[in-house]
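All remarks here apply to the structure that follows.
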Amino acid sequence: QVHLVESGGGSVQAGESLTLSCVVSGRPIGNYGLGWFRRAPGKEREFVAGINWQGDKTEYADSVKDRFTISSENGENTASLQMKDLKPDDTAIYYCAGQPWAGPRGNYYDWGQGTQVTVSS
């Protein structure tokens with residue numbers, strides 16, 4: 001059984017940075033595409049960033065492009081989301097998701113429990 005566990009969330013001031021991590025267990029991530037999503041209070045879950053299973057293509061939501069960077073570290077079975085210049089609108093629960101052989105925006109069916117990110121102005 002596959003488990004995804006996020007960590008690294010917290011409370012920061014606008015303009016600061018955070019790095020989220022997603023540890024995958026139960027399968028190697030060498031052929032596993034990964035993505036990050038978020039759900040803000042009162043809003044639907046939205047796609048944030050994704051990386052394909054080969055690790056050479058990424059995709060980002062327009063709202064985070066040039067501020068967030070997704071990466072995967074096969075040797076550590078970990079995916080990361082580096083977030084810079086955080087804004088109050090980035091406040092949300094962030095979820096890691098995965099799917100074998102996925103492109104940079106897959107139809108993910110493995111999900112983590114989420115980690116809270118709160119950005120104050």
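These numbers were taken from a predicted model, which means no experiment stands behind them.
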Can you tell me how far the CH2 atom of W36 sits from the CG atom of L20, to the nearest 0.5 Å? 4.5 Å
Return the orientation label for the W53 and W101 ring planes: parallel under 30°, perpendicular over 60°, tilted otherwise. perpendicular
Side chain to side chain contact (heavy atoms under 4.5 Å, CB included) between M83 and L18, intermediate numbers included: CA-CA 5 Å; M83 306 185 294; L18 278 175; 3.7 Å; yes
Provide the closest heavy-atom pair for S63 versus R38 in the form atom of the first, atom of the second, distance. OG-NH2, 3.4 Å
What are the two closest heavy atoms between L34 and I70, and how far apart are they? O-CD1, 3.8 Å
Who are the salt bridge (charged side-chain N to carboxylate O under 4.0 Å, His left out) partners of E59, not counting sequence neighbours? R105
When every non-hydrogen atom of P88 is compared with those of S121, the smallest separation belongs to CG-CB, 3.9 Å
Taking C22's backbone N and O only, do any of them form a donor-acceptor pair with E6's side chain (distance below 3.5 Å, no angle check)? no
Side chains of N52 and P104: does their closest heavy-atom pair fall under 4.5 Å? yes
Identify the two heavy atoms, one from K43 and one from R39, that lie closest to each other, and give their separation to 0.1 Å. O-CG, 3.3 Å
Any donor-acceptor pair under 3.5 Å from N77 side chain to V24 backbone: yes
Nearest-0.5 Å distance that lies between atom OG1 in T58 and atom CZ in F68: 14.0 Å
Go through the steps for S72 and Y32 under the test side chain to side chain contact (heavy atoms under 4.5 Å, CB included), then give the verdict. CA-CA 10 Å; S72 61; Y32 201 58; over 6 Å; no
Please report the C-alpha distance between D66 and Y60 in whole Å, then the side-chain angles of each, then the deciding distance to 0.1 Å, and finally whether the side chain to side chain contact (heavy atoms under 4.5 Å, CB included) criterion is met. CA-CA 9 Å; D66 299 327; Y60 296 91; over 6 Å; no
All heavy atoms of L4 vs all of V2, minimum pair found to be CD1-CG1, 3.6 Å
May I ask you to list the residues sharing a hydrophobic cluster with F37, side-chain cutoff 4.5 Å, ordered by chain and number? F47, I93, Y95, Y108, W111
I would like to know whether Q116 and T91 meet side chain to side chain contact (heavy atoms under 4.5 Å, CB included); could you show each step before the answer? CA-CA 8 Å; Q116 176 71 47; T91 294; 4.1 Å; yes
Are D90 and R67 close enough for a salt bridge, meaning some N to O gap below 4.0 Å? yes
Non-hydrogen atoms of V12 and S17 that approach each other most closely: CG1-O, 4.3 Å
Could I get the full list of salt bridge (charged side-chain N to carboxylate O under 4.0 Å, His left out) partners for E73, not counting sequence neighbours? none
So, Q82 side chain and T69 main chain: donor-acceptor pair closer than 3.5 Å or not? no
